[in-house]
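Structure first, commentary second.
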Amino acid sequence: MLNGLQSGVMLFLIASGLTLVLGIMNFVNLAHGSFYMIGAFAAVSLQLWTGSFVIAAVGACLCAAVAGLAVEYVCARRLYARSHLDQVLVTFGLIYLFNESMRLIFGPQPLASPIPQLLNGSVTLLPGLQYPLFRLTVIGVGLVVAAGMSFVVMRTRLGMLIRAGASDRGMIAVLGVNITWLYSLVFAFGAALAALAGLMSGPLYSVNVGMGENILIMALVVIVVGGIGSLKGAFYAAIVIGLIDTLGRLFLPSAIATIAIYIFMAGVLFVRPQGLFAASAPPQVEARDNGNRVTILWSLSKSRQRVTASVVGLCMIALALVPTLSTWLDDPFLLRLFLRIVIFALMVLSLDLVAGFGGLVSFGHAAFVGTGAYAVAILGWHLDHGEPLALGPIVLAGTHDALVAWPLAIASAAAMALVIGAIALRTSGLYFIMSTLAFAQMLFYLASTPSIYGGEDGLQISQRSTLPLIDLGNRPTLYYLALGLLALCLLLCWRLVNSRFGMIVQACRQNERRVRALGVRTYFYKLLLFVISGVIAGIAGVLLANSELLVSPADLSWTRSGSILIMAIFGGLGTLFGSVVGAATYLMLEFTLSEWTQHWQIVFGPMLIVFVLLARRGLFGLVLGRGGST
């Protein structure tokens with residue numbers, strides 16, 4: 001119980017800073033976990049250098065606060081009036097930048113942070129019950145911070161301004177308050193809180209690059225469960241989730257324990273979509289999301305449609321010539337690269353359909369890709385090992401036959417999209433983004449757990465699927481099949497967005513309340529769109545498994561979802577064919593930069609930030625020009 005309480009307190013320190021940033025600024029900061037990492041690295045370095053834990057604590061919080069101020073000044077204040085999607089992407093680029101910077105400075109190996117001499121040892125709480133003094137200190141510090149923040153936010157003028165800013169930032173600016181400095185102060189304070197958590201986690205866990213990403217996901221779950229913008233909700237949710245996570249690992253099977261908090265979150269969202277303690281003045285989520293600027297292909301003038309169709313046609317012809325070019329240049333890698341581009345274009349297309357046209361920004365879309373890929377791999381594994389796959393009363397013998405395995409895989413992805421969509425669509429805006437992210441993490445941990453399917457190492461596939469009269473073992477054949485499926489999905493999506501169904505979905509993105517007033521059951525339209533998107537992602541997963549002959553939990557991770565989202569933005573959200581442009585640009589950049597340096601993300605991160613700040617319409621949007629509607 002005490003370990004669960006300590007874990008919950010640690011989560012609260014991170015979630016509280018994130019809650020302040022969301023509550024007052026309505027800013028989605030995925031780089032918040034990086035401040036946790038910066039605090040941990042700064043603390044262990046200063047402690048080893050000076051030998052003083054106090055100096056390390058002060059220095060770590062100051063480092064993170066300065067980093068927070070820099071991020072707020074350079075990036076965040078330019079994005080307050082932009083959509084949450086832009087905020088997610090820019091802070092995703094910051095994660096690249098911070099991770100590679102830490103790797104360059106401290107190296108790839110984890111660092112060990114010593115427990116301060118004064119806090120080493122144990123104390124007797126009850127007869128026969130001893131508890132480490134350092135962990136007890138963590139609990140005490142967390143409770144003091146919680147009480148202090150509650151007092152400041154609820155009882156002081158500063159807190160009044162913070163709460164007023166959450167409701168109406170323009171109003172407090174009119175009252176003469178320097179809202180710019182208030183924002184900077186809150187942002188830096190949130191970063192310092194994350195650093196405080198990183199400082200105290202150092203002696204308990206290892207300090208390594210990327211340590212902030214896992215804790216960030218749990219902090220986001222805390223915020224969603226507690227209610228976005230609610231400090232009280234963050235505190236109670238953090239304690240409950242800390243206890244569930246700790247006790248679950250003690251008493252539940254490992255497969256259930258790793259996803260217990262996500263099951264809890266799903267239950268809460270199903271009953272109370274706004275969280276347990278929703279703030280009385282929630283962030284302006286709906287208005288901000290409706291401000292997403294997207295370019296709709298079909299609404300262009302006829303002359304511009306002809307230009308666009310010509311560009312699309314030329315690109316498809318160029319893609320069709322890739323196998324010939326690869327043979328002529330005697331460069332097999334060229335074909336492998338473009339096969340990957342075509343498969344990722346399908347993933348991006350599936351996301352573009354829901355985010356660009358439906359306004360449903362899914363940050364866990366890789367879950368459907370991974371579901372399709374794992375289904376193919378698992379069916380093949382059971383055939384190779386001669387062990388039937390038992391799913392309750394249904395027993396499958398396992399197969400490599402594409403006519404059996406592929407429909408099952410795509411149906412699995414569709415079923416997963418139906419379940420996740422049915423729950424996540426009870427929310428909207430920021431809650432929807434966080435819900436899809438959390439569900440994808442649930443599947444990620446499920447895929448990482450069973451050793452029979454490779455666990456964290458992934459699952460090898462012995463051979464590609466088989467089709468009558470078509471040799472998928474031949475890479476050019478697989479490439480043309482993937483290209484044909486991409487062209488078919490592009491055509492179907494184009495027909496879909498131009499149909500009555502597509503019009504209603506796009507009307508929901510603009511003003512769902514008015515559409516509901518007309519008697520349209522918008523929930524079912526959005527759910528159907530989400531399932532169709534899941535089907536396309538499942539097709540991409542099937543092709544990915546056959547191309548790579550390996551599936552791994554990384555195919556379901558939130559970083560993969562973030563990459564898909566970046567590709568969609570690169571290409572131009574809401575342009576359909578921009579999916580191909582975005583995937584090609586991203587993967588070619590990744591290949592070129594990684595050939596130049598192993599720390600390619602330190603270059604790619606700033607490029608991503610600059611692109612989001614300057615090119616809001618994406619590359620394909622630039623081709624369309626200003627003729628597209630927004």
Side-chain angles (χ1 to χ4, degrees), residues 255 259 262-263 266 343 346-347 349-351 353-354 362 364-385 387-425 436 438-450 452-455 458-461 464-467 472 482 485 489 527-558 560-561 564:
I259 61 171
Y262 300 105
I263 295 174
I343 293 171
L346 269 170
M347 299 180 199
L349 176 64
S350 71
L351 179 61
L353 190 63
V354 290
S362 168
H365 225 61
F368 312 127
V369 178
T371 301
Y374 261 97
V376 170
I378 289 172
L379 285 171
W381 185 92
H382 280 276
L383 178 65
D384 295 340
H385 291 78
E387 297 180 15
L389 173 62
L391 299 172
I394 303 174
V395 178
L396 300 174
T399 181
H400 286 299
D401 188 347
L403 295 179
V404 178
W406 290 21
L408 284 175
I410 295 168
S412 301
M416 194 60 66
L418 179 64
V419 172
I420 294 177
I423 298 175
L425 284 172
T436 51
F439 280 118
Q441 281 304 105
M442 185 191 305
L443 292 178
F444 169 79
Y445 286 118
L446 271 179
S448 304
T449 303
I452 186 175
Y453 297 134
L459 180 58
Q460 289 279 353
I461 303 174
R464 292 197 177 111
S465 301
T466 57
L467 269 175
L472 294 182
L485 287 172
C489 289
L527 182 59
L528 181 56
L529 183 75
F530 200 76
V531 173
I532 293 172
S533 170
V535 167
I536 298 174
I539 294 172
V542 166
L543 293 172
L544 184 68
N546 278 275
S547 170
E548 305 290 335
L549 293 179
L550 171 70
V551 295
S552 75
D555 293 326
L556 302 100
S557 66
W558 74 284
R560 174 60 58 85
S561 296
I564 298 172

Could you tell me the separation between the [atom1] atom of [X] and the [atom2] atom of [Y], rounded to the nearest 0.5 Å?
{"X": "I423", "Y": "L527", "atom1": "CD1", "atom2": "CG", "result": "11.0 Å"}
{"X": "E548", "Y": "I461", "atom1": "CD", "atom2": "CD1", "result": "9.5 Å"}
{"X": "I539", "Y": "S350", "atom1": "CD1", "atom2": "OG", "result": "9.5 Å"}
{"X": "W381", "Y": "Q460", "atom1": "CH2", "atom2": "CD", "result": "14.0 Å"}
{"X": "T399", "Y": "L408", "atom1": "OG1", "atom2": "CG", "result": "9.0 Å"}
{"X": "I564", "Y": "L349", "atom1": "CD1", "atom2": "CG", "result": "11.5 Å"}

Checking side chain to side chain contact (heavy atoms under 4.5 Å, CB included) against V354, which of I532, V531, L529, I536 comes through?
->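 So, applying the side chain to side chain contact (heavy atoms under 4.5 Å, CB included) to V354 and each of I532, V531, L529, I536, only L529 qualifies.
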Single hit among V551, L549, L550, V376 for side chain to side chain contact (heavy atoms under 4.5 Å, CB included) with L459 =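 It is V551; the other options fail the test.
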Decide yes or no for M416 and F439: does some side-chain heavy atom of the first lie under 4.5 Å from some side-chain heavy atom of the second?
->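 The answer is no; the side chains never approach within 4.5 Å.
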Contact check, side chains of L472 and T466, non-hydrogen atoms, under 4.5 Å |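 L472 does not reach T466 side chain to side chain.
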Going through the distances and angles, do L346 and C489 end up as a side chain to side chain contact (heavy atoms under 4.5 Å, CB included)?
-> CA-CA 8 Å; L346 269 170; C489 289; 3.7 Å; yes
Considering all heavy atoms of both residues, which atom of [X] and which atom of [Y] are nearest to each other, and what is their separation?
{"X": "L556", "Y": "S552", "result": "CD1-O, 4.0 Å"}
{"X": "V542", "Y": "A409", "result": "CG2-CB, 3.6 Å"}
{"X": "M442", "Y": "I263", "result": "CE-N, 3.8 Å"}
{"X": "I343", "Y": "A540", "result": "CG2-O, 3.5 Å"}
{"X": "A413", "Y": "F368", "result": "CB-O, 3.7 Å"}
{"X": "A366", "Y": "R560", "result": "CB-CG, 3.6 Å"}

Taking N546 for the side chain and S465 for the main chain, is one N or O donor matched with an acceptor at less than 3.5 Å?
->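 Checking the backbone N and O of S465 against the side chain of N546, a donor-acceptor pair under 3.5 Å is found.
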Under the 3.5 angstrom rule, does the side chain of S547 hit a backbone N or O of L543 as a donor-acceptor pair?
->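 Checked: no pair found.
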Please lay out, stage by stage, how F530 and L353 fare under the test side chain to side chain contact (heavy atoms under 4.5 Å, CB included).
-> CA-CA 8 Å; F530 200 76; L353 190 63; over 6 Å; no
Go through the steps to decide whether M347 and L544 satisfy the test side chain to side chain contact (heavy atoms under 4.5 Å, CB included), and finish with yes or no.
-> CA-CA 10 Å; M347 299 180 199; L544 184 68; 4.0 Å; yes
May I have the step-by-step check of ring pair (Phe, Tyr, Trp, His ring centres under 6.0 Å) for F444 and W558, ending in yes or no?
-> CA-CA 8 Å; F444 169 79; W558 74 284; over 10 Å; no
Do we see a donor-acceptor contact under 3.5 Å between the side chains of S533 and H365?
->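 Judged by distance alone, the side chains do pair up.
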Test D555 against V369 for side chain to side chain contact (heavy atoms under 4.5 Å, CB included), laying out the working first.
-> CA-CA 7 Å; D555 293 326; V369 178; 5.5 Å; no
